[in-house]
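Some notes on the structure that comes next.
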Amino acid sequence: MPPNPEATGRRLVAAAERLFAERGIDGVSLREINGAAGQRNSTALQYHFGDRAGLLGAVLAKHHPEIEARRHQLLDEYESRGALPEAEARRTLAAALVRPMAAKLADPDGGRHYLRIMEQLVQRTPLPATRSTDPGQSVDRWRELVAPLLSEVALRRLHQRFMAIRVTYVELARRAAGPEGKDDRLFTSHLVDVVSAVLATEVSEETARLLGERDRRRDERDRERDERTEERGERTEERGERTEERGERTGEPGERAGDSAGGPERP
């Protein structure tokens with residue numbers, strides 16, 4: 001019986017999930033993944049997915065739709081409730097971020113591997129394969145709904161939304177790497193509390209002072225850079241003027257020599 005292409009693709013994705021999670025996305029060769037999937041044809045992986053990025057995309061695509069649907073559902077429920085007290089709004093939005101991902105702890109079809117892979121991706125800058133060109137991506141919608149609950153400094157300068165996202169991925173990956181079969185309800189609820197607390201964190205006087213000092217240092221470096229750029233421009237202009245002057249002086253002796261050699265015109 002000829003091999004089933006769909007079954008082969010599923011085996012390759014399953015092998016990649018496990019090895020990416022255990023050894024790192026860049027810590028395993030495509031040949032090893034091919035072998036772990038039981039493929040004797042050394043080109044099977046390239047045939048189905050092209051390269052490492054294509055395979056990673058297939059791993060993420062296996063899990064993303066379920067998470068997206070669940071998070072959008074929770075955000076729909078949040079918006080349908082209208083204005084909420086800030087503390088309740090923060091925890092509700094924290095739950096919308098955490099719970100769809102936390103459900104993967106109980107997914108026997110690679111869910112825990114997926115969480116460990118996502119933690120690796122969130123530590124990278126920029127975030128490869130975690131961003132979508134789809135304007136309806138649920139995490140972007142979540143960011144927009146969280147924004148009114150944060151101060152301008154927390155939002156634009158200290159990036160507390162990304163901090164909440166990173167804490168979520170890191171803690172879920174740590175849990176996913178542990179023993180299976182535990183009741184994850186307490187862990188999940190506490191993680192929601194932690195993420196809610198991250199969103200609620202006020203900017204202290206010390207942080208505001210250090211932020212101001214950093215801004216002043218950056219402004220000073222920018223001024224110095226601009227001054228150096230201006231000085232280089234002035235030196236370049238001066239060199240151009242000197243070159244032009246040398247050119248003019250070089251032409252003058254020739255003209256005098258020509259006058260001397262030719263002598264005065266005879267009548």
Side-chain angles (χ1 to χ4, degrees), residues 13 17 20-21 25 53-54 56-84 86-150 154-156 158-176 184-185 187-201:
V13 167
E17 280 175 337
F20 284 164
I25 295 169
L56 177 60
V59 170
L60 303 183
K62 173 182 171 181
H63 299 277
H64 276 179
E66 178 184 350
I67 293 170
E68 288 289 291
R70 178 56 178 154
R71 185 173 292 127
H72 276 303
Q73 180 185 3
L74 293 174
L75 294 177
D76 287 342
E77 294 172 1
Y78 170 78
E79 290 189 290
S80 70
R81 295 172 65 184
L84 297 173
E86 281 199 8
E88 185 177 355
R90 279 193 300 268
R91 195 176 193 283
T92 302
L93 287 170
L97 176 67
V98 171
R99 292 189 184 278
M101 297 283 292
K104 284 293 172 181
L105 290 167
D107 179 3
D109 188 15
R112 298 172 79 90
H113 296 322
Y114 166 79
L115 293 175
R116 296 174 68 183
I117 292 169
M118 288 301 298
E119 187 270 339
Q120 296 176 53
L121 291 174
V122 82
Q123 301 292 2
R124 301 184 180 194
T125 304
L127 305 181
T130 65
R131 303 294 294 166
S132 170
T133 56
D134 179 6
Q137 191 179 39
S138 67
V139 74
D140 290 335
R141 183 182 175 195
W142 177 86
R143 287 166 56 87
E144 291 177 1
L145 291 171
V146 166
L149 303 176
L150 301 176
L155 184 67
R156 305 296 179 193
L158 298 174
H159 310 293
Q160 278 180 219
R161 290 179 300 184
F162 179 67
M163 185 178 294
I165 292 170
R166 184 167 55 192
V167 167
T168 298
Y169 284 128
V170 168
E171 286 302 304
L172 285 171
R174 182 183 61 81
R175 184 76 171 187
D184 295 310
R185 290 177 298 173
F187 165 81
T188 301
S189 179
H190 184 235
L191 182 54
V192 171
D193 294 340
V194 169
V195 171
S196 180
V198 170
L199 296 175
T201 301

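Since this is a predicted model, take the numbers as computed values, not measurements. We count residues from 1, following the sequence as given. Any value given below was found using the heavy atoms of this structure, including those in side chains, with hydrogens, waters and symmetry copies removed.
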Could you tell me whether [X] and [Y] have a side-chain N and a carboxylate O separated by less than 4.0 Å?
{"X": "E86", "Y": "R90", "value": "yes"}
{"X": "R141", "Y": "E144", "value": "no"}
{"X": "R112", "Y": "D107", "value": "no"}

Starting at [atom1] of [X], measure out to [atom2] of [Y] and round the result to the nearest 0.5 Å.
{"X": "E119", "Y": "Y114", "atom1": "CD", "atom2": "OH", "value": "13.0 Å"}
{"X": "L158", "Y": "T201", "atom1": "CG", "atom2": "OG1", "value": "10.0 Å"}
{"X": "R175", "Y": "D184", "atom1": "CZ", "atom2": "CG", "value": "4.5 Å"}
{"X": "L145", "Y": "T92", "atom1": "CG", "atom2": "OG1", "value": "11.5 Å"}
{"X": "L155", "Y": "R143", "atom1": "CG", "atom2": "CZ", "value": "8.0 Å"}
{"X": "L115", "Y": "L172", "atom1": "CG", "atom2": "CG", "value": "5.5 Å"}

For residues [X] and [Y], report the shortest heavy-atom separation together with the two atoms involved.
{"X": "L191", "Y": "V98", "answer": "CD2-CG1, 3.8 Å"}
{"X": "A164", "Y": "L199", "answer": "CB-CD2, 3.9 Å"}
{"X": "A58", "Y": "V13", "answer": "CB-CG2, 4.0 Å"}
{"X": "Q160", "Y": "L150", "answer": "NE2-CD2, 4.2 Å"}
{"X": "A94", "Y": "V195", "answer": "CB-CG1, 3.8 Å"}

Side-chain heavy atoms of [X] within contact of [Y], under 4.5 Å:
{"X": "L60", "Y": "L121", "value": "yes"}
{"X": "L75", "Y": "L93", "value": "yes"}
{"X": "V59", "Y": "H113", "value": "no"}
{"X": "M101", "Y": "Y169", "value": "yes"}
{"X": "Q123", "Y": "R166", "value": "yes"}

Kindly indicate, with the supporting measurements, whether the criterion side chain to side chain contact (heavy atoms under 4.5 Å, CB included) is fulfilled by L56 and I117.
-> CA-CA 9 Å; L56 177 60; I117 292 169; 3.9 Å; yes
E66 atom CD, neighbour heavy-atom count above 12 within 6.0 Å | no
Starting from the C-alpha separation in whole Å, work towards a yes-or-no answer on side chain to side chain contact (heavy atoms under 4.5 Å, CB included) for R161 and W142.
-> CA-CA 9 Å; R161 290 179 300 184; W142 177 86; 4.3 Å; yes
Establish, from distance only, whether the side-chain atoms of S138 and R71 form a donor-acceptor pair under 3.5 Å.
-> yes
For M118 and H64, run side chain to side chain contact (heavy atoms under 4.5 Å, CB included): C-alpha distance rounded to whole Å, both residues' side-chain angles, the deciding distance at 0.1 Å, then the answer.
-> CA-CA 11 Å; M118 288 301 298; H64 276 179; 4.2 Å; yes
Hey, does the side chain of K104 reach the backbone of A176 with a donor-acceptor pair shorter than 3.5 angstrom?
-> no
Main-chain N/O of D193 paired to S196 side chain as donor or acceptor, under 3.5 Å = no
Can V170 and R174 be said to form a side chain to side chain contact (heavy atoms under 4.5 Å, CB included), step by step?
-> CA-CA 6 Å; V170 168; R174 182 183 61 81; 5.6 Å; no
Yes or no on side chain to side chain donor-acceptor pair (under 3.5 Å) for E68 and H63, after CA distance, side-chain angles and deciding distance?
-> CA-CA 9 Å; E68 288 289 291; H63 299 277; over 6 Å; no
